[in-house]
2 protein chains.
Amino acid sequence: MPIKPHVTAAQVCGFLESRIKSGEWGAEAKLPSERAISDQLQTSRVTVREALKRLEANGQIYRSNRRGWFVAPPRIDYDPSRSAHFTQYALEQGYSPYTECLMQRLIQADDDLAGKMAVAEGTQLLELHRCRGINGRLVYLEEIFLRADLWPDLIEQPPDQSLSTMLRNHYGQLFKQVDVDISIASLSAAQAEILQAPAGCSCFYISRRTLNQEGLVIEYDREYWRHDALNIKVTHQFAE
Amino acid sequence: MPIKPHVTAAQVCGFLESRIKSGEWGAEAKLPSERAISDQLQTSRVTVREALKRLEANGQIYRSNRRGWFVAPPRIDYDPSRSAHFTQYALEQGYSPYTECLMQRLIQADDDLAGKMAVAEGTQLLELHRCRGINGRLVYLEEIFLRADLWPDLIEQPPDQSLSTMLRNHYGQLFKQVDVDISIASLSAAQAEILQAPAGCSCFYISRRTLNQEGLVIEYDREYWRHDALNIKVTHQFAE
DNA sequence: GAGTGGTCTAGACCACTTC
DNA sequence: AAGTGGTCTAGACCACTCC
């Protein structure tokens, strides 16, 4: 006798996608609960979760820890090779940017940092941690390292001000070159908690080294982005 | 009476990671079967799979469809803003590159392609599909679009030759600018099958528009990379 | 043919959010 | 207090790979 075939995760994906694409569930809309979806589609919660994770993987939806699943808003365009600040990008694209400084302190460069910043091990560095969001949603964490000898009184400055503007205007530094690295990583437990993301959540990892006219590394920066929040755009002009 | 606490996915992650980091399981090594791991650690297969997926998310391991889980080899460094060909990159970094042409045909530009290539809708384009691997492992799929009017006899050329070299040497084209877009996407069912990846597998999506001296889009390219195979490096020089 | 990963079922408990 | 997502158990069948 014929057995009712299982509802597959792919079918659940289709069901959810059609509602997202039709606009029935707009940006930032909360999806129904996992149990509600599995009841409606006559399937198990495991299958629903599998479908949700696939839509999460390509950035159509995201989750906020234990609060539920939400439709992902449009991604922000971002060119990490430019020194323009995040706030400017976000405003240009019609978003409301938000920055919070989580921590700032003086540290001694360890082996790894010394290599990245081309300084001797033990050199004094200023370390800043910030988180940033758009439209009320946290989208990335940032770890910034600056040579303390180049910015002697920076630690006194208000941390919310744009760093790149400050470096240029206040210290008269000119940027000569930026080296950018982009790869996939996963959030540490502490990072995931700040971004309200699940444990082990995959993220974009972007690191940037900014060099000045003399070839000194004036800024070293590590960013951890929600992967659904970001569209990286880089334009490269070839020399004549 | 005390109940034995559950083995958590995080503990399984730790168990697996320590064996990878210690070198007990080297690059490309096959992990034990999911059932063997769950038996050894006295846990369920679901928990083991959860752990494996977390290590997959940050690129430490990867799976080849239905064949098993493997330790991910070192990532290849890649600068999409340069026109150097993949083969050269791979050889410089000590890998054995591999390219296969999957398809080539003439098409009419649809609305989307016409916009991307700045040509009229219906313009004749040459479409090439290739897959590429290093050390015997497929790492990305590529869809290339070229204006048929600029390369009248290209369809007759051997497809394995480096395209960028050919464009420069044979046609004397000079590259002026490259616009690169990078984001996260997921593989279609057809793409996943070619890369031997699971359904809905997340990937790096890289699209590139290459412009010549006259500002014409001479190449438009879409790449779908296994996310664990890639480390993107871009260097940007600021104008004086 | 044996074993594997891919998928699905039908529960369960906990920590946390929301009301 | 009710409901949610996060996690875990203990099975099952299938399609596929490998031998």
Side-chain angles (χ1 to χ4, degrees), chain A residues 1-16 29-57 61-71 186-187 189 192-202, chain B residues 2-16 29-57 61-71 137 186-187 189 192-202:
Chain A
M1 77 183 191
I3 299 177
K4 195 187 69 171
H6 295 152
V7 175
T8 67
Q11 291 172 320
V12 180
C13 278
F15 172 85
L16 298 172
K30 187 176 188 307
L31 270 58
S33 77
E34 298 174 1
R35 287 169 179 87
I37 297 171
S38 61
D39 285 352
Q40 183 178 354
L41 299 186
Q42 294 277 294
T43 182
S44 74
R45 206 179 134 210
V46 174
T47 302
V48 170
R49 274 180 79 79
E50 171 64 24
L52 290 167
K53 284 178 182 176
R54 288 192 195 169
L55 298 188
E56 180 189 39
I61 61 176
Y62 71 97
R63 47 182 149 171
S64 182
N65 225 353
R66 289 181 191 279
R67 298 201 313 117
W69 298 86
F70 301 84
V71 177
S186 59
L187 297 172
E193 194 182 337
I194 296 170
L195 288 182
Q196 299 184 299
C201 180
S202 92
Chain B
I3 299 178
K4 194 186 71 172
H6 295 154
V7 175
T8 67
Q11 290 171 320
V12 180
C13 278
F15 171 84
L16 298 172
K30 187 177 188 309
L31 270 57
S33 77
E34 298 174 0
R35 287 169 179 88
I37 296 170
S38 61
D39 285 351
Q40 182 178 354
L41 299 185
Q42 293 277 293
T43 182
S44 73
R45 206 179 134 210
V46 174
T47 302
V48 171
R49 275 179 78 79
E50 172 64 25
L52 290 167
K53 285 178 182 178
R54 288 192 196 168
L55 297 189
E56 180 189 38
I61 62 176
Y62 70 97
R63 46 181 148 171
S64 181
N65 223 352
R66 290 181 191 280
R67 296 199 315 115
W69 297 86
F70 301 85
V71 177
R137 172 187 175 221
S186 59
L187 298 172
E193 194 182 336
I194 296 170
L195 288 182
Q196 300 184 299
C201 179
S202 93

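In the text below, chain A, chain B and the rest are named by the order of the sequence lines, each starting its count at 1.
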State whether the distance check finds a donor on one side and an acceptor on the other, under 3.5 Å, for side chain [X] versus base [N].
{"X": "B:R35", "N": "C:dG5", "value": "yes"}
{"X": "A:R45", "N": "D:dG6", "value": "yes"}
{"X": "A:R67", "N": "D:dG5", "value": "no"}

inquiry  = Using a heavy-atom cut-off of 4.0 Å across all strands, would you classify A:S44 as base, sugar-phosphate, or nothing?
reply    =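 Base contact.
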N or O in side chain of [X] less than 4.0 angstrom from [N] OP1/OP2:
{"X": "B:R63", "N": "C:dG6", "answer": "yes"}
{"X": "A:R49", "N": "C:dT9", "answer": "no"}
{"X": "A:T8", "N": "C:dT7", "answer": "no"}
{"X": "B:T47", "N": "D:dT9", "answer": "yes"}

inquiry  = Pick the closest DNA chain C nucleotide for A:Q196 and for B:S33 by heavy atoms, then say which residue is nearer the 5' end.
reply    = B:S33
Restricting to non-hydrogen atoms, name the atom on [X] and the atom on [Y] that form the minimum distance, rounded to 0.1 Å.
{"X": "A:R45", "Y": "A:R35", "result": "NH1-NH2, 3.2 Å"}
{"X": "A:E34", "Y": "A:L52", "result": "CG-CD1, 3.8 Å"}
{"X": "B:A57", "Y": "A:S202", "result": "O-CB, 3.7 Å"}
{"X": "A:A197", "Y": "A:L187", "result": "CB-CD1, 3.8 Å"}

Figure out the [atom1]/[atom2] separation between [X] and [N], and round it to whole Å.
{"X": "A:E34", "N": "C:dG11", "atom1": "CD", "atom2": "P", "answer": "17 Å"}
{"X": "B:K30", "N": "C:dG5", "atom1": "NZ", "atom2": "C1'", "answer": "9 Å"}
{"X": "B:F70", "N": "D:dC18", "atom1": "CZ", "atom2": "C1'", "answer": "12 Å"}
{"X": "A:Q11", "N": "C:dG6", "atom1": "CD", "atom2": "P", "answer": "20 Å"}
{"X": "B:H6", "N": "D:dG6", "atom1": "NE2", "atom2": "P", "answer": "18 Å"}
{"X": "A:Q42", "N": "C:dC8", "atom1": "CD", "atom2": "P", "answer": "15 Å"}
{"X": "B:E56", "N": "C:dG5", "atom1": "CD", "atom2": "C1'", "answer": "12 Å"}
{"X": "B:R66", "N": "C:dG5", "atom1": "CZ", "atom2": "C1'", "answer": "6 Å"}

remark   = Here the gap from B:R49 atom CZ to B:E56 atom CD, rounded to the nearest 0.5 Å, amounts to 9.5 Å
